[in-house]
Amino acid sequence: LSRVISPRALIMSPKTMLQKMLLVLLSFFIVTWIIFIIPQNSIKPWPLLNLSTFLPHWNTTMKSSFPKTPVSPRKSPTETELRIQEIMAKLDQQIPPRPFTHVNTTTSASHSTATILNPQHTYCMGDQLDVLLEARDHLGHRKQYGGDFLRARMFSPALQAGAAGKVTDFNNGNYRVTFTLFWEGWVTLSVLLIHPSEGASALWRARNQGYDKIIFTGKFVNVTSHVFTECGLTPMSRGELCEYLDNRDQEAFYCVKPPHMPCEALTHMSSRNRNISYLTDQEKALFHSYNVGVEMLKHFKPINVSRCKGKETMKEKCQVGMKVPVPGGYTSRGRWIPTFCNQIQLDSNKISSCLKRKLIYLLGDSTLRQWVYYIPRVVKTLKFFDLHETGVFKKHVLLDAERHTQIQWKKHSHPFVTQQLYSQIDNNYMSREIDRLPGDKNTAIVITFGQHFRPFPFDIFLRRAISVRKAIERLFLRSPTTKVIIKTENIREMHIDTERFGDFHGYIQYLAMKDIFEDLNVGIIDAWDMTIAYGTSNVHPPDRVIGSQINMFLNYIC
């Protein structure tokens, strides 16, 4: 059906024409505002769309039906996430994938050659001795790339002396190993091939491939009943989940929610190894005990170091903020002697005087809990205060009411790896613990973490280190006189589960830790350097090492 419109109907009244003109003018202004104003005050959307990170996340969180709540736009990376990405990209370049077809093509300690550069008839205390290593494979062919995980040490058993060496990788199969001759007498040189570059590359790939090498089990309690469920650092795919999220630092932990129990009912946690590996059978052969920690200088004879005439340089007293070189010290007669500062050996009376009115907070793992067991054997007035908690991972408190001294150890939060059941009550991340402390000139904080992070992708460790650094910065704003000490992690048993707990993972964490905290006004106790010098290979070093760490700490705060 058609409709005929008369000519009269096409004639507009003045009022209608004015309305039309105003409408056109308003439309013009709106279009102009969209074209010229918005781009100047907004961020263009395309650079923020990172499909490489967005799409995998979408695929892993997609359900069988659309989500009931609207999906919020993807946020731009935070400062912490950008820093993590930067460090991970740098490490991926430094530990690239290596071709690996057969064990014969990997680095061989027996076929590699070592030569002393510029040998001398007489070596003096303080001299530097350099060894050139030329890596070869089991067929005698020269390696064309670096990346071997080496450990250098010099020692004199009769003098109870030892020091770490410094390894420089030229990334072409050649290495320079530098030893500083700190003491007089006969000295033995050692370089251990811990893992060939192919093994290091495999470990780095396997580490960052999955979060499930450890199974966490949470205990939920409701009056007289309790239920155990699976927990982890990433969301489990099945069932309703409890999310324990620190919104500020974006650190999270998850548990499968038990039926008829609230998420707040979580009281304890334990863990065990999952029967899983991301290494091939061929790669696993590289980590058999006879392939780990093989001596590369076994044909070297000890060298004699003389006390030549020379001027000894005066060193400043050890204090926070000092840069720690590599090596940062050596052992002599069983004592640790720093190379960068003057350390006083404190007896029990001086230690007791130093600790007067001190509040000391030890935050970390069981290598720092060793301090709490060692100190009361030296300072008899410090006694344990019973907080009615159980287990070795409870909070430990030492008190001396007369001298107003308190020393407290508290474990770090997730991930904490142990088969023993430990409490989740009052379980805070280290950054939150630091934020709770007002701080003053008589307050000292010691921080260590690393051993429990080795089985997990490296970004977990980086996020924790960055969040702790930010907490220390906040602490220094409100209390710049508070002393903060970073104790690095130490080496441990060489022939353990390498994929989960090996020292390769610890060494990467050790380097990252030093880099992240480098420009802060903190004291460093280089436990990695120290345990190599002492020649200890135990996750819990012996008392002589613990005593040296504590003496270094007291020199920093007294």
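Quantities reported herein were computed from a predicted structural model and do not represent experimental measurements. Excluded from the calculations below are hydrogen atoms, water molecules and symmetry mates; all remaining heavy atoms, backbone and side chain alike, are included.
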Any donor-acceptor N/O pair, Arg136 side chain to His141 backbone, under 3.5 Å: no

Can you name the nearest heavy-atom pair linking Pro99 to Tyr145, along with the distance? O-OH, 3.8 Å

Write down the atom of Ser190, the atom of Phe179, and the distance for their closest heavy-atom approach. O-CZ, 3.9 Å

Check residues 449-463 and write down every donor-acceptor pair under 3.5 Å in which the side-chain atom is one partner and the other belongs to a residue at least two apart or another chain.
from	atom 1	to	atom 2	distance (Å)
Gln451	NE2	Asn490	O	3.0
His452	ND1	Val417	N	2.7
His452	ND1	Val417	O	3.4
Arg454	NE	Glu489	OE1	2.9
Arg454	NH1	Phe501	O	2.8
Arg454	NH1	Gly502	O	3.2
Arg454	NH1	Asp503	OD1	2.9
Arg454	NH2	Glu489	OE1	2.9
Arg454	NH2	Asn490	O	3.4
Arg454	NH2	Asp503	OD1	3.3
Asp459	OD1	Tyr211	OH	3.3
Asp459	OD2	Tyr211	OH	3.4

CG of Asp519: more than 12 outside heavy atoms within 6.0 angstrom? yes

Using distance alone, with no hydrogens and no angle criterion, decide if Asp137 and Thr105 have a side-chain donor and acceptor under 3.5 Å apart. no

Will you find, in the side chains of Thr80 and Thr78, an N or O donor that is under 3.5 Å from an N or O acceptor? no

Under the criterion side-chain contact (heavy atoms from CB on, under 4.5 Å), I'd like the reasoning laid out for Val392 against Arg369: C-alpha separation, chi angles, the key distance, then a yes or no. CA-CA 9 Å; Val392 295; Arg369 190 187 69 227; 4.2 Å; yes

Answer whether the closest heavy-atom distance between the side chains of Asp246 and Gln250 falls below 4.5 Å. no

All heavy atoms of Ser413 vs all of Asn427, minimum pair found to be OG-ND2, 3.1 Å

Which atom pair, heavy atoms only, marks the closest approach of His138 to Thr107? NE2-O, 3.6 Å

Side chain to side chain, Ser112 and Glu134, heavy atoms closer than 4.5 Å: no

Please determine, by modelled atom types, if Ser156 and Trp183 share a side-chain donor-acceptor pair under 3.5 angstrom. yes

Checking Thr536 side chain against Pro541 main chain: does a donor-acceptor pair fall under 3.5 Å? no

Whether Thr280 side chain and Glu283 backbone form a donor-acceptor pair below 3.5 Å: yes

In terms of side-chain heavy atoms, does Tyr534 have a donor or acceptor partner in Ser548 at a distance below 3.5 Å? yes

For the student: nearest non-hydrogen atoms of Phe517 and Val468, plus distance: CZ-CG1, 3.9 Å

Evaluate Asp543 against Val545 for side-chain contact (heavy atoms from CB on, under 4.5 Å), listing each step before the verdict. CA-CA 5 Å; Asp543 280 352; Val545 179; over 6 Å; no

Test Met154 against Leu129 for side-chain contact (heavy atoms from CB on, under 4.5 Å), laying out the working first. CA-CA 11 Å; Met154 66 178 200; Leu129 186 151; over 6 Å; no

Residue Arg474 excluded, over 12 heavy atoms near CZ under 6.0 Å: yes

Under-2.5 Å SG separation for cysteines Cys255, Cys242: no

Near Lys166 NZ, under 6.0 Å, is it more than 12 heavy atoms from other residues, nucleotides or ligands? no

What is the ring orientation for Phe553 with Trp371, classed by angle as parallel under 30°, tilted 30 to 60°, or perpendicular over 60°? tilted

Taking atom CZ of Arg500 as the centre, report whether more than 12 heavy atoms of other residues, nucleotides or ligands fall under 6.0 Å from it. yes

Measuring from Lys298:NZ to Glu295:CD, what's the distance to the nearest 0.5 Å? 7.5 Å

Does the side chain of Ser277 come under 3.5 Å of the side chain of Glu499 through a donor N or O and an acceptor N or O? yes

May I ask you to decide if Val256's main-chain N or O and Thr229's side chain share a donor-acceptor pair within less than 3.5 Å? yes

Centroid separation under 6.0 Å, is that true for the rings of Phe170 and Tyr175? no

Is it the case that Thr178 and Asp130 place a side-chain donor and acceptor less than 3.5 Å from each other? yes

Indicate whether the side chain of Asp212 and that of Tyr278 have a donor and an acceptor atom separated by less than 3.5 Å. yes

Could you check whether Tyr244 and Tyr254 have their ring centres less than 6.0 Å apart? no

In this structure, are over 12 heavy atoms from other groups packed under 6.0 Å from Lys323 atom NZ? yes

Charged N to carboxylate O below 4.0 Å: is that the case for Glu198 and Lys143? yes

Look at atom CD of Gln120 and say whether more than 12 heavy atoms of other residues, nucleotides or ligands are closer to it than 6.0 Å. yes

Distance-only donor-acceptor check, side chains Thr367 and Asp365, under 3.5 Å: yes

Keeping the roles fixed (side chain from Asp526, backbone from Val324), state whether a donor-acceptor pair exists under 3.5 Å. no

So which atom in Leu286 and which in Val292 form the shortest heavy-atom distance, rounded to 0.1 Å? O-CG2, 4.1 Å

Give a yes or no on whether the backbone of Gln420 and the side-chain of Ser270 come within a donor-acceptor separation of less than 3.5 Å. no

Hey, is the main chain of Leu132 close enough, under 3.5 Å, to the side chain of Thr115 for a donor-acceptor pair? no

Quick check, are the ring centers of Tyr422 and His268 under 6.0 angstrom apart? no

For Tyr507, is the OH atom crowded, meaning more than 12 foreign heavy atoms sit under 6.0 Å from it? no

